[in-house]
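Accompanying notes for the structure given below.
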Amino acid sequence: MNTASTSPAPSIAAFHRPARFALAGGAATLVHWLCMSAMLAAGIDAHAATAAGAMAGAAANYPLQHRHAFASNTAHRRALPRYLASCALAWLANLLLFAVLHGPAGWPPALAQAGTSGAIAALNYLLYARMVFDEATDAQTPA
C-alpha cells in the first residue's frame, strides 16, 4: 500500500485562517467605530471622524493579521509596505463599489455599505493571503 501523497496535506491552520481573519478584522472594525464615535461625540466632522477611524482600524488590523490570522514570518519591512498598498487598493475599491451600488444601482446607503463591506473583506483576504503575508512571494522577491 502506497501511503505517499503527490501533494502535501493542507495545513490545519489554513482551515482556521478565515475565522482568525474575520476575528482580527472585527476587532479592527471595533477600533474604527470607537475612534469614530469618540470623535463624533467631540463634535468633529463625520468625514474626518470616519477617515481617522479607518486609519486607527488599519493600524490595529496589521499586527492582528500578521501575527494571528496569517501567523506570518514575513518581515515587517516587506509586509508593511504591501499592507499599506493593499489598504489603498481596498479604500479605492470600497469607494468605487459603494458609489456604483448607491448611485446607479439605487441601493440605500446602509445596504450599499453592507454589500461593499462584504466584497472588500473578501478582497482583503485575497490580498493578504497572496500579496501581503505570503512567504512564497518573499522567496521570489529580492531583498
Side-chain angles (χ1 to χ4, degrees), residues 3-42 44-143:
T3 59
S5 174
T6 57
S7 64
S11 166
I12 296 296
F15 291 112
H16 296 289
R17 184 182 292 166
R20 292 191 314 263
F21 169 82
L23 285 171
T29 299
L30 182 60
V31 168
H32 176 162
W33 291 349
L34 289 172
C35 178
M36 181 179 174
S37 296
M39 292 179 78
L40 289 171
I44 295 173
D45 174 71
H47 294 92
T50 195
M55 286 189 277
N61 193 41
Y62 174 75
L64 294 171
Q65 296 295 347
H66 187 276
R67 286 187 213 128
H68 301 294
F70 291 91
S72 179
N73 292 322
T74 303
H76 295 295
R77 73 180 191 286
R78 290 180 182 257
L80 186 57
R82 294 177 193 164
Y83 176 76
L84 295 173
S86 75
C87 286
L89 179 62
W91 183 82
L92 289 172
N94 183 83
L95 182 64
L96 177 62
L97 184 56
F98 180 84
V100 168
L101 293 177
H102 182 55
W107 292 18
L111 184 58
Q113 187 56 59
T116 299
S117 293
I120 298 306
L123 173 65
N124 282 337
Y125 184 83
L126 292 173
L127 288 172
Y128 296 170
R130 301 196 182 234
M131 183 181 87
V132 178
F133 303 120
D134 183 24
E135 281 83 14
T137 300
D138 287 343
Q140 298 171 3
T141 305

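Throughout, numbering of the chain's residues begins at 1 and tracks the sequence. All values below were derived from every heavy atom in this structure, side-chain atoms included, with hydrogens, water molecules and symmetry-related copies excluded.
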Next item on the list: Find the distance between CG (Leu89) and CG (Leu84) and round it off to the nearest 0.5 Å.
Entry: 12.5 Å
Next item on the list: Take the angle between the ring planes of Phe70 and Tyr125 and call it parallel below 30°, perpendicular above 60°, tilted in between.
Entry: tilted
Item checked: Distance, nearest 0.5 Å, that separates SG of Cys87 from CG of Leu92 -> 11.5 Å
Name each donor-acceptor pair under 3.5 Å that joins a side chain in residues 102-109 to protein atoms two or more places apart or in another chain, with its distance.
{"residue": "His102", "atom": "ND1", "partner": "Trp107", "partner atom": "O", "Å": "2.9"}

Next item on the list: State which residues pass side-chain hydrogen bond (donor to acceptor under 3.5 Å, both in side chains) with His68; sequence neighbours excluded, sorted by chain then number.
Entry: none
Next item on the list: Could you tell me which non-hydrogen atom of Leu97 sits nearest to which non-hydrogen atom of Ala119, and how far apart they are?
Entry: CD2-CB, 3.6 Å
Next item on the list: With sequence neighbours excluded, tell me which residues meet side-chain contact (heavy atoms from CB on, under 4.5 Å) with Ile120.
Entry: Ala90, Ala93, Asn94, Thr116, Leu123, Asn124
Notebook entry, point to check: Going from CG on Leu64 to CG on Leu23, what distance comes out if it is rounded to the nearest 0.5 angstrom?
Noted result: 10.0 Å
Next item on the list: Kindly write out the residues that satisfy side-chain hydrogen bond (donor to acceptor under 3.5 Å, both in side chains) with Ser117, not counting sequence neighbours, or none if the list is empty.
Entry: Gln113
Check: Of all heavy-atom pairs between Ala79 and His66, which one has the smallest distance, and what is that distance?
Finding: CB-CD2, 4.1 Å
Checklist line | Minimum-distance pair of heavy atoms, taken over all atoms of Ser72 and Phe133 | finding: OG-O, 3.5 Å
Pairs of donor and acceptor atoms involving the side chains of residues 47-63, under 3.5 Å and at least two apart or interchain, shall be tabulated with distances.
{"residue": "Thr50", "atom": "OG1", "partner": "His32", "partner atom": "NE2", "Å": "3.3"}
{"residue": "Asn61", "atom": "OD1", "partner": "Gln65", "partner atom": "NE2", "Å": "3.0"}
{"residue": "Asn61", "atom": "ND2", "partner": "Tyr83", "partner atom": "OH", "Å": "3.4"}
{"residue": "Asn61", "atom": "ND2", "partner": "Tyr128", "partner atom": "OH", "Å": "3.2"}
{"residue": "Tyr62", "atom": "OH", "partner": "His76", "partner atom": "ND1", "Å": "2.7"}

Next item on the list: Please report the shortest heavy-atom distance between Met131 and Ser86, naming the atom on each side.
Entry: CE-CB, 3.8 Å
Margin query: One pair to check against side-chain contact (heavy atoms from CB on, under 4.5 Å): Arg20 and Arg17. What are the steps and the verdict?
Written below: CA-CA 5 Å; Arg20 292 191 314 263; Arg17 184 182 292 166; 3.9 Å; yes
